[in-house]
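Computed from a predicted model, the values in this text were never measured in an experiment.
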Amino acid sequence: MKKVAYIAGGILIGFVLSTSAGAFADSVKSLVGKKVSGEYTVIVDGQKLADKGAIIDGKANVPVRGISEALGADIKVSGKTITVTTTDVQQTASPEATAENKYSGRSAESLQETLSILKDRILAPNLKERAEVAADVDRLKSVKADEAVIAERESQLAGYDERIAQANADIAQAEAALAALK
């Protein structure tokens with residue numbers, strides 16, 4: 001009797017799995033069996049994207065997020081809808097100046113978000129930690145601590161100074177790109 005119950009249970013589970021998998025496969029448009037011509041490098045306005053494109057059944061398939069970011073468009077995914085919003089950007093800077101600014105070509109919303117991240121999550125914590133290390137260096141010097149310990153802490157200060165300088169340079173570039181949009 002137990003053996004019959006196991007067999008019946010196995011058949012029932014197999015039936016449920018096979019029918020649900022078929023229903024799921026019907027609802028998803030699959031690329032299985034399609035002719036792929038290969039991977040291709042995608043270049044947008046002279047910039048090579050990290051993601052690759054492909055030709056599948058004679059149609060170009062490219063990374064939407066990479067292209068939209070390169071063109072300064074915003075992309076949002078909501079449910080099963082992908083919305084790409086472009087803004088008309090008038091280039092007032094020379095092509096040479098634009099090539100030097102890694103933030104040019106982005107939308108105002110993207111630049112505002114980048115500035116917020118640079119200021120709040122990168123610059124502010126580094127300034128705070130640098131101040132703490134500087135105070136520690138001053139304290140170590142006042143108590144005439146071992147020179148090796150002081151040198152190590154001063155090396156940390158130099159690292160903070162480099163990160164702060166880079167963050168300030170990035171902020172200046174992002175602000176310049178934002179000003180070019182106005």
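Judged by distance alone, the side chain of Ser104 and the main-chain N or O of Asn101 form a donor-acceptor pair under 3.5 Å. Under a 3.5 Å cut-off, the side chain of Asn126 and the backbone N or O of Tyr160 do not form any donor-acceptor pair. Between the side chain of Thr114 and the backbone N or O of Ser110 there is at least one donor-acceptor pair closer than 3.5 Å.
Between Ile164 atom CD1 and Arg130 atom CZ the span is 6.0 Å, to the nearest 0.5 Å. Atom CD1 of Ile171 and atom NZ of Lys119 lie 6.0 Å apart (nearest 0.5 Å). Here the straight-line distance linking atom CZ of Arg153 with atom CG of Leu157 works out to 8.0 Å at 0.5 Å rounding. Atoms CD and CD, on Glu175 and Gln112 in that order, are 9.0 Å from each other to the nearest 0.5 Å. Residue Asn168 holds its CG atom at 5.0 Å from CG of Leu123, rounded to the nearest 0.5 Å. Note that the CD atom of Gln173 and the CG atom of Leu115 stand 11.0 Å from one another [nearest 0.5 Å].
The environment of Glu132 atom CD is dense: over 12 non-hydrogen atoms of other residues, nucleotides or ligands sit within 6.0 angstrom.
The residues Lys141 and Asp138 are annotated as not salt-bridged, no charged nitrogen and carboxylate oxygen being separated by less than 4.0 angstrom.
Two residues are said to be in side-chain contact when any heavy atoms from C-beta on lie closer than 4.5 Å; Thr41 and Ile43 meet this criterion. Side-chain atoms of Arg139 and Asp136, non-hydrogen and from C-beta on, do get closer than 4.5 Å to each other.
Between Ala174 and Leu118, the shortest heavy-atom contact is CB-CD1, 4.5 Å.
Qualifying side-chain hydrogen bond (donor to acceptor under 3.5 Å, both in side chains) partners for Gln166, counting only residues two or more places apart in sequence or in other chains: Asp170.
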